[in-house]
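If you're wondering where the values come from, they're calculated on a predicted model, not measured in any experiment. The first residue in the sequence is number 1, and the count goes up from there.
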Amino acid sequence: MRVLSVAELKRCVEGCRWVCGGVIVADVGGAAELALVLKKALGGEAYVNGRDIHLISERCYIVLTVEERAGGVAVRDALGWGSAEES
């Protein structure tokens, strides 16, 4: 797994897909903080449900399976649904 900073997160989403694979996001205190950062970076809504972060926008729904680790949060797996087209 590679380590990403919070500033690099926006490039991990293309359309309705998580394209960074498994990563560790450094300098976040947990899944809830990571969800808030992703919400600000990507727009839409975000919430934590168990070990998953759900990202919801008008066109997309992305679920990230996460695991808290020392120094950050690991994104283990990702699924996305919706339209990748921009209007």
Novice: Please test Lys39 against Leu55 for side chain to side chain contact (heavy atoms under 4.5 Å, CB included), starting from the C-alpha separation and ending with a verdict.
Specialist: CA-CA 7 Å; Lys39 176 182 175 175; Leu55 304 170; 5.8 Å; no
Novice: Please determine which of Val66, Thr65, Leu36 meets the side chain to side chain contact (heavy atoms under 4.5 Å, CB included) test together with Ile53.
Specialist: Val66
Novice: Quick check: closest heavy atoms across Ala74 and Arg69, and the distance to 0.1 Å?
Specialist: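 Nearest pair, atom of Ala74 first, then Arg69: CB-NE, 4.0 Å.
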Novice: Looking at every heavy atom in both Ile24 and Met1, which two are closest together, and how far apart are they?
Specialist: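 For Ile24 versus Met1, the nearest heavy atoms are CG1-SD, 3.9 Å.
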Novice: Using 30° and 60° as the class limits, which term best fits the ring planes of Tyr47 and His54: parallel, tilted or perpendicular?
Specialist: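 If you compare the ring of Tyr47 with that of His54, the planes turn out parallel.
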Novice: For residues Ala46 and Ala35, report the shortest heavy-atom separation together with the two atoms involved.
Specialist: CB-O, 3.5 Å
Novice: How long is the straight-line distance from CG of Leu38 back to CD1 of Ile62, given to the nearest 0.5 Å?
Specialist: 9.0 Å
Novice: Given 3.5 Å as the limit, does a donor-acceptor pair link the side chain of Glu8 with the main chain of Leu4, or not?
Specialist: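 No: the side chain of Glu8 does not pair with the backbone of Leu4.
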Novice: Check whether any side-chain heavy atom of Leu42 sits under 4.5 Å from a side-chain heavy atom of Leu9, and report yes or no.
Specialist: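 Of all side-chain heavy-atom pairs linking Leu9 with Leu42, none is under 4.5 Å.
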Novice: Identify the two heavy atoms, one from Cys16 and one from Gly82, that lie closest to each other, and give their separation to 0.1 Å.
Specialist: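 Smallest interatomic distance, heavy atoms only, reads SG-C, 3.7 Å.
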Novice: How many angstroms lie between CG in Leu79 and CZ in Arg17, if you round to the nearest 0.5 Å?
Specialist: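 If I round to the nearest 0.5 Å, the distance is 12.5 Å.
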Novice: About how many Å separate CH2 of Trp81 and CD1 of Ile56, when rounded to the nearest 0.5 Å?
Specialist: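 If I round to the nearest 0.5 Å, the distance is 10.5 Å.
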Novice: Looking at Ala26 and Val3, what are the two nearest heavy atoms and their distance?
Specialist: CB-CG1, 3.8 Å
Novice: Val73, Val63: one ILVMFWY side-chain cluster at the under-4.5 Å cut-off?
Specialist: no
Novice: Nearest heavy-atom pair of Cys60 and Gly15: which atoms, and what distance?
Specialist: SG-O, 3.5 Å
